[in-house]
Number of protein chains: 2
Amino acid sequence: MKILVVEDDRFHASFLQDVIGEALPEVSETLHVQDGLQGEAAARAGRFDAVVMDLQMARRNGIETARTIWHERPRTRILFWSNYSDEAYLRGVAEIVPTDCVYGYVLKTATRERLKLVLRAVLLDGQVMVDREMQRLRRRTASPRHVLNDSEYAVLLDLALGLQDRLIAERRGMSLRTVQNRLLTLYDKLGVSDEEPAVPGLNKRVRALSRAITTRILNVEVLETAQRDLEGWLGEQGR
Amino acid sequence: MKILVVEDDRFHASFLQDVIGEALPEVSETLHVQDGLQGEAAARAGRFDAVVMDLQMARRNGIETARTIWHERPRTRILFWSNYSDEAYLRGVAEIVPTDCVYGYVLKTATRERLKLVLRAVLLDGQVMVDREMQRLRRRTASPRHVLNDSEYAVLLDLALGLQDRLIAERRGMSLRTVQNRLLTLYDKLGVSDEEPAVPGLNKRVRALSRAITTRILNVEVLETAQRDLEGWLGEQGR
DNA sequence: ACAAATGGTGCGGGCTCCCGCAGTTTGGGT
DNA sequence: ACCCAAACTGCGGGAGCCCGCACCATTTGT
């Protein structure tokens, strides 16, 4: 079994390799690279069974790297190992997972024992695992009233990229009014509507983005990949 | 000499303490705590000469922690030790540094030698030092045409929080039209105006925030502290 | 099987936003 | 004291945004 480690923090990387050696004696070879681009290249060259990868890296983030890796070798099992329990990452990952692909999501704050367990479960047994901390997110946001569904999330992404209503409608194949309805429920779920009466003079559109970011529903990496998707779409439209 | 270390990553913390012991033999005592709140409490209780602190921490971020520490003991020398070279952090720090206070900013990617050097320079000699990586930021953004000045940055923060023009004008003591002029130059400097002709149908306001975040001029932590400041201001206005 | 709930669509009005035009104030430089 | 440039301000208009009202289609519950 060959494992690829993609991690730009030297301490975390050596810790990870240490734990891998301990948890997975069946590993014959591990390669460690420093960022997403190198990760893609390595995955293309050597045929790895599994990848353990940080999400926030300098040159190319984990989500995009995973996307290209899976694109080329869908059978690769990928374990994401991240500092943050941002909902954005989970959604971002879920969005790009091809059907029947094996992946996992562990936080770096997890104990050594937990990490070993997850390594075996995901990379060896092929189970899909998400850290319990992340599960709690869904509930922590209180009532399901506040949880965004997929189409609302899509509109939120477009809003975040700065598209105006007409363009969102065009991109998502909805009518203008429908987009605006989505936005209404978004404002509601993000708590923008609630604070409005108390503080008149807020720009709901910007406020929604602002809150989405501070509540970790969106983050920089996800915004960046969404931006690239948008550019791709614009390219198609252009001609 | 007593040093307080505020860092929530165990590996980084132990590395840091190791380097401190090596670089600063004159240190008589070091205390290590895990997050900003504990940091504030510790700084209040024990009288530390210097603090080394991470910027992104779970319960209370480094900027706010530094603000309260300096508020209570302005002579404290603080070295920020961060993963990211976000312009937002530098601006956020610069904003809260009281006059004649000693601080420094090093990236975690710095070499051991460099870290030792900075530790001595800032905590011992009382020099103000900023990692060269950060300096490069200013230039990297190319022409000075694209560098925001303080008042533009202030307006950008307000925009990011979702205030509409009228409120920004009120808060910053400007006329409505002046705020709008600021926004114009902001759109310009953030490159929003440039992409507009190619892609009609963008909401400049949101687009500006989006770009400010992806270019690291703003980030989550800064947004959060700005939000608290806003709430404080709203409180004053309210009565 | 009927009612209620959910999601999509059109119309229209009041508001904010973006920005061109034009006039005033401020700050440096000579 | 002069000038020029930069920053600030008011006015007005076209466009986008927020959202109430009204209507239709599909799904869900009892």
Side-chain angles (χ1 to χ4, degrees), chain A residues 143-212, chain B residues 143-212:
Chain A
S143 45
R145 181 192 304 277
H146 295 292
V147 175
L148 307 188
N149 61 40
D150 291 345
S151 90
E152 282 160 355
Y153 184 71
V155 171
L156 175 59
L157 272 184
D158 286 348
L159 176 146
L161 294 176
L163 305 192
Q164 42 185 226
D165 298 0
R166 180 195 313 252
L167 255 188
I168 302 180
E170 204 172 312
R171 186 175 185 199
R172 303 293 171 191
M174 300 188 266
S175 92
L176 200 71
R177 191 62 181 86
T178 300
V179 171
Q180 295 175 335
N181 277 336
R182 285 275 194 291
L183 289 175
L184 285 188
T185 69
L186 267 178
Y187 298 152
D188 226 23
K189 292 189 176 178
L190 292 172
V192 177
S193 310
D194 301 341
E195 55 193 6
E196 170 65 10
V199 187
L202 292 185
N203 180 314
K204 300 205 169 186
R205 208 157 242 261
V206 178
R207 188 75 190 145
L209 174 51
S210 192
R211 287 201 58 100
Chain B
S143 46
R145 181 194 303 276
H146 294 233
V147 175
L148 306 189
N149 62 39
D150 290 346
S151 90
E152 282 160 354
Y153 185 71
V155 170
L156 175 59
L157 271 184
D158 286 347
L159 175 146
L161 294 175
L163 304 192
Q164 41 184 223
D165 299 0
R166 180 200 315 252
L167 256 187
I168 303 180
E170 205 172 311
R171 186 175 185 199
R172 302 293 170 192
M174 302 188 264
S175 93
L176 198 69
R177 193 61 180 86
T178 301
V179 171
Q180 295 174 335
N181 279 336
R182 284 274 192 292
L183 290 176
L184 285 188
T185 69
L186 268 179
Y187 298 152
D188 228 23
K189 292 188 176 179
L190 292 173
V192 177
S193 311
D194 301 342
E195 55 193 7
E196 170 64 12
V199 187
L202 292 185
N203 181 314
K204 299 207 170 185
R205 209 157 242 263
V206 179
R207 188 73 191 147
L209 173 51
S210 193
R211 287 202 57 101

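Residue numbers begin at 1 in each chain, while the letters A, B, ... track the order of the sequences. Below, each value reflects all heavy atoms present in this structure, side chains not excepted, and no hydrogens, waters or symmetry copies. The structure presented is a predicted model; accordingly, all values stated were derived computationally and were not measured.
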Any idea which heavy atoms bring Leu159(A) and Val206(B) closest together, and the distance?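 Minimum heavy-atom contact is O-CG1, 3.0 Å.
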Nearest heavy-atom neighbours spanning Glu152(B) and Asn149(B):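 Scanning both residues completely, I find the closest heavy atoms to be N-OD1, 2.8 Å.
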Both Gln180(A) and Arg182(B) contact DNA chain D. Taking the nearest nucleotide for each, which residue is further toward the 5' end?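 Mapping each residue to its closest nucleotide by heavy atoms, the 5'-most match is Arg182(B).
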First encountered from the 5' end of DNA chain D, between Asn181(B) and Asn203(B):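 The answer here is Asn181(B).
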Has [X] got a side-chain N or O lying under 4.0 Å from the OP1 or OP2 atom of [N]?
X: Thr178(A); N: dT9(C); result: yes
X: Arg177(B); N: dC11(D); result: no
X: Lys204(A); N: dT16(C); result: no

Between [atom2] of [N] and [atom1] of [X], the distance in whole Å:
X: Glu170(A); N: dT9(C); atom1: CD; atom2: P; answer: 14 Å
X: Leu176(B); N: dT9(D); atom1: CG; atom2: P; answer: 10 Å
X: Asn149(B); N: dA6(D); atom1: CG; atom2: C1'; answer: 12 Å
X: Leu184(A); N: dC21(D); atom1: CG; atom2: P; answer: 13 Å
X: Arg207(B); N: dG16(D); atom1: CZ; atom2: P; answer: 17 Å
X: Lys189(A); N: dT6(C); atom1: NZ; atom2: C1'; answer: 12 Å
X: Leu159(A); N: dG16(D); atom1: CG; atom2: C1'; answer: 13 Å
X: Leu190(A); N: dC18(D); atom1: CG; atom2: P; answer: 13 Å

Would you say Asp150(A) has more than 12 foreign heavy atoms packed within less than 6.0 Å of its CG?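 It does not: Asp150(A) CG has 12 such atoms or fewer within range.
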Answer yes or no: is there an ion pair linking Glu195(A) with Arg207(A), defined by an N-O contact shorter than 4.0 Å?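 Salt bridge flag = yes for Arg207(A) with Glu195(A).
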For the side chain of Leu183(A), counting heavy atoms from C-beta on, which of dC18(D), dT16(C), dG10(D) is nearest?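 Looking only at heavy atoms from C-beta outward on Leu183(A), the closest nucleotide is dC18(D).
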Given dG16(D), dC17(C), dC18(C), identify the nucleotide with an atom nearest to the side chain of Gln164(B).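 Ranking dG16(D), dC17(C), dC18(C) by closest atom to the Gln164(B) side chain puts dC17(C) first.
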Close side-chain approach of Arg166(B) to Leu176(B), heavy-atom, < 4.5 Å: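 Touching, per the 4.5 Å side-chain cut-off.
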